[in-house]
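Proteins get letters first, then strands, A, B, ... in listed order; numbering begins at 1 in each.
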Number of protein chains: 2
Amino acid sequence: MTRRSTLGARNRGIPEATVARLPVYLRALHTLAERGVVTVSSEELAAAAGVNSAKLRKDLSHLGSYGTRGVGYEVQYLVYQISRELGLTQDWSVAIVGLGNLGRALAGYGGFASRGFRMSALLDADPAIVGDRINGLTVEHIDKLEQVITDCGISIAVLAVPASAAQAVCDRVVASGVTSILNFAPVVLTVPDGVDVRKVDLSIELQILAFHEQRKAGGPGGVEQEYLEAVDGS
Amino acid sequence: MTRRSTLGARNRGIPEATVARLPVYLRALHTLAERGVVTVSSEELAAAAGVNSAKLRKDLSHLGSYGTRGVGYEVQYLVYQISRELGLTQDWSVAIVGLGNLGRALAGYGGFASRGFRMSALLDADPAIVGDRINGLTVEHIDKLEQVITDCGISIAVLAVPASAAQAVCDRVVASGVTSILNFAPVVLTVPDGVDVRKVDLSIELQILAFHEQRKAGGPGGVEQEYLEAVDGS
DNA sequence: AAGCCTTTGTGAACGCACGCACAAAGTCGG
DNA sequence: CCGACTTTGTGCGTGCGTTCACAAAGGCTT
């Protein structure tokens, strides 16, 4: 049941690039707040967030007009406005599926709880892992996936399962009502319309670094002949 | 009449957006190769990688003209060309600094070794962790950072340390000769020109999902009054 | 050998995002 | 109360990235 809200004064069409930066601003603002800073200019906040100040102002202007000319932005107020826009003023129940090394790291990551994300369910298929207690939660068997997700009203799932199992698990969580997925498995997931998937691929990041690293060292090493050697040697 | 310029067939200015997708294509190609597929069309490969086929072709055209019209691309050959462009035909020594939950997960991640990345050094400041053996490597004390990085010829470092320590560790690895950094700490790192930093922030991804999730549910919950309640309650 | 069919590689149009630069708007000192 | 100063919010030009659509190019069949 998708209820379309009326087009109010606030522009609901926030650019994706802006959305991706709001969490960065939010973190910078929290750091400033801890230091007791009350107001901050776009210049200062932009420096703290590592972006251009004009970009910061334009990003914030998409949320509304929350600054004071000649002064800047009130830190606490801006924190609240960004949090609300991102949906962090409400609690989100999150399930983690797959509790290998990575899943455990995610389950114990403090950065989630402090931002309105509550780990509500941990699920795994391995009998050796089921029953473990991690961060005060017991790992359930994946057979209970549908039940747990429904009971806890979970709409966000984190997948830290092997690549071979990812699509199957994805299908199951979607069928259970999950509409947002954070995928750590190195596969392209197929999902129905209306379901969001974000992918984090650790090895891709390293490969991008390697590309630039190679450039600094003077471009791709050899030319054509290397390929023949490479396939020959196998 | 699009005669290639004197710059040679290969264009060295590959767009950043393309570079970011090459690893995705590479993974799809590996999957196809395992299945014994010999040639693949841009349409098929694009579907496997989850992108538009025109985009795929344009991306590949930046590397050179490696397809055959009417047939497609030879899988093995394309794997080699992309690997070479990304710099994966050589081995890269990588150091991981910080071996908490996340660092351990990264050290044990199989996706690295299979792509030319060799974990050469594990470093941590915690005496309780130093000396542990992870994946056949012993965790060294961070005091040896400079020595280890120099000796192993490490140019890529992965930072999985607490936010409070990140900048200091960053400065040290850079001073030791590292020119590429993969940062998992939730801070904006400052580095000299010529050093590349890529940031992976787990909580940011969840926040972006929350934003879209909230939209599906019907836009930001309340308006002005909520803020007053929120600050009042502190 | 010739024509048909498939698929690549790319010119061109479009849309988004970035950053400059400035007017509008508000503060603060006198 | 006024004028100078500071900082926001944004119009606009520019450049990058995406997508469409098609001519060129190669294989395959007859």
Judged by atom type as modelled, is there a donor-acceptor pair below 3.5 Å linking the side chain of [X] to the main-chain atoms of [Y]?
X        : Y        : result
A:Trp92  : A:Met119 : no
B:Glu74  : B:Val38  : no
B:Gln207 : A:Leu88  : no
B:Lys199 : B:Leu182 : no
A:Glu44  : A:Ser41  : yes

How long is the line joining [atom1] of [X] and [atom2] of [N], in whole Å?
X       : N      : atom1 : atom2 : value
B:Leu60 : C:dT8  : CG    : C1'   : 10 Å
B:Glu16 : D:dT18 : CD    : C1'   : 17 Å
B:Leu45 : C:dT8  : CG    : C1'   : 13 Å
A:Leu63 : D:dT10 : CG    : C1'   : 15 Å
B:Glu43 : C:dT8  : CD    : P     : 8 Å
A:Glu74 : D:dT7  : CD    : C1'   : 16 Å
A:Lys55 : D:dT7  : NZ    : C1'   : 20 Å
A:Arg57 : C:dC22 : CZ    : C1'   : 11 Å

Within the structure, does a side-chain N or O atom of [X] lie under 4.0 Å from either OP1 or OP2 of [N]?
X       : N      : result
B:Ser65 : C:dG9  : yes
B:Ser42 : C:dT7  : no
B:Tyr73 : D:dG26 : no
A:Asn52 : C:dA17 : no
B:Ser41 : C:dT7  : no
A:Arg21 : C:dC18 : yes

(message) Is any side-chain heavy atom of B:Glu16 closer than 4.5 Å to one of A:Ile208?
(response)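 Answer yes - side chains close enough.
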(request) Please tell me if the side chains of A:Asp201 and A:Asn183 come closer than 4.5 Å, counting only heavy atoms from C-beta onward. (result)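 A:Asp201 vs A:Asn183: side chains apart.
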(message) Ignoring hydrogens, what is the shortest heavy-atom contact between B:Ala28 and B:Leu45? Give both atom names and the distance.
(response)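 Looking at all heavy atoms of both residues, the shortest contact is CB-CD1, 3.9 Å.
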(message) Can you give me the closest heavy-atom contact between B:His62 and B:Thr18, atom names plus distance?
(response)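 In terms of heavy atoms, the two residues are closest at ND1-OG1, 3.8 Å.
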Could you go over nucleotides 12-14 of chain D and give all protein N or O partners under 3.5 Å, atom names and distances?
| residue | atom | partner | partner atom | Å |
| --- | --- | --- | --- | --- |
| D:dC12 | N4 | A:Lys58 | NZ | 3.3 |

(message) Reading DNA chain C from 5' onward, which residue's closest nucleotide shows up sooner: A:Thr18 or A:Gly70?
(response)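 That would be A:Thr18.
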(request) With DNA chain C as reference, determine whether A:Ala54 or A:Pro15 sits nearer its 5' end, using the nearest nucleotide of each. (result)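 In this pair, the answer is A:Pro15.
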(request) Can you spot which of A:Ile14, A:Leu26, A:Val19 makes a side chain to side chain contact (heavy atoms under 4.5 Å, CB included) with A:Glu85? (result)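 Only one option passes, and that is A:Ile14.
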(message) Taking atom types as they are modelled, would you say the side chain of B:Arg69 forms a donor-acceptor pair with the base of C:dT8 within the 3.5 Å cutoff?
(response)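 Indeed there is one.
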Distances for protein N or O near nucleotides 28-30 of chain D N or O, under 3.5 Å:
none

